[in-house]
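The structure appears below as structure tokens.
Sequence positions, counted from 1, serve as the residue numbers for this chain. All values below come from the heavy atoms of this structure, side chains included, with hydrogens, waters and symmetry mates left out.
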Amino acid sequence: MAQVSGMEMEPLIRQLILGVDLRPRPPGEYAALLRELSVIGNNVNQIAYWANSCRCISEGDIQEAVALVKQAWRLVREAL
């Protein structure tokens with residue numbers, strides 16, 4: 001259980017005694033996935049900000065935003 005949770009034995013035992021619901025440590029790929037999703041989210045947010053500020057948006061901008069969202073979903077599916 002200590003290996004799965006990524007904890008040392010003593011802290012693990014303390015947490016179990018306190019009744020904490022322990023979960024397995026997420027795979028290492030999750031950190032990279034979260035970074036990528038953050039970058040994609042920032043890019044989509046910049047496109048939305050730009051579109052709102054100039055009150056116009058091109059078809060290319062919309063397609064870029066759609067592609068970023070599709071890329072995010074692909075990354076999530078691959079990680080699971």
Side-chain angles (χ1 to χ4, degrees):
M1 193 174 211
Q3 283 181 332
V4 172
S5 68
M7 298 177 72
E8 297 291 327
M9 187 61 72
E10 292 81 11
L12 173 73
I13 292 171
R14 280 189 217 104
Q15 296 295 314
L16 290 172
I17 290 170
L18 292 172
V20 174
D21 182 28
L22 298 176
R23 298 181 185 157
R25 170 179 263 171
E29 296 86 29
Y30 278 28
L33 175 64
L34 290 175
R35 281 191 299 277
E36 286 295 320
L37 287 174
S38 177
V39 169
I40 291 168
N42 286 334
N43 289 343
V44 170
N45 195 32
Q46 288 175 358
I47 292 170
Y49 177 79
W50 178 81
N52 285 329
S53 67
C54 75
R55 305 257 186 242
C56 63
I57 188 166
S58 71
E59 183 66 29
D61 295 327
I62 293 171
Q63 292 303 320
E64 182 180 353
V66 168
L68 290 171
V69 172
K70 285 181 180 180
Q71 180 184 4
W73 275 112
R74 183 183 53 76
L75 290 169
V76 170
R77 281 193 301 269
E78 287 175 1
L80 300 177

From CD (Glu64) to CD (Gln46), nearest 0.5 Å: 9.5 Å
CD1-CG distance between Ile17 and Leu12, expressed to the nearest 0.5 angstrom: 9.5 Å
Exercise: identify the closest heavy-atom pair between Leu16 and Leu22: CD2-CD1, 3.7 Å
Check: Ser38 main-chain N/O paired with Asn42 side-chain donor or acceptor under 3.5 Å: yes
ILVMFWY cluster, Leu68 and Val39 together (side-chain gap under 4.5 Å): no
Results of salt bridge (Lys or Arg N to Asp or Glu O under 4.0 Å) for Arg35 - residues two or more places apart only: none
Same apolar cluster: Met9 and Val4, side chain cutoff 4.5 Å: no
Gap between atom CD1 of Ile40 and atom NZ of Lys70 - 0.5 Å precision: 13.5 Å
Gln63 atom CD, over 12 foreign heavy atoms within 6.0 Å: yes
In one Ile/Leu/Val/Met/Phe/Trp/Tyr side-chain cluster, 4.5 Å: Leu34, Val44: no
Validation row: Asp21, Arg23 side chains within 4.5 angstrom (heavy atoms): yes
Gap between atom CG of Leu18 and atom CD1 of Ile13 - 0.5 Å precision: 12.0 Å
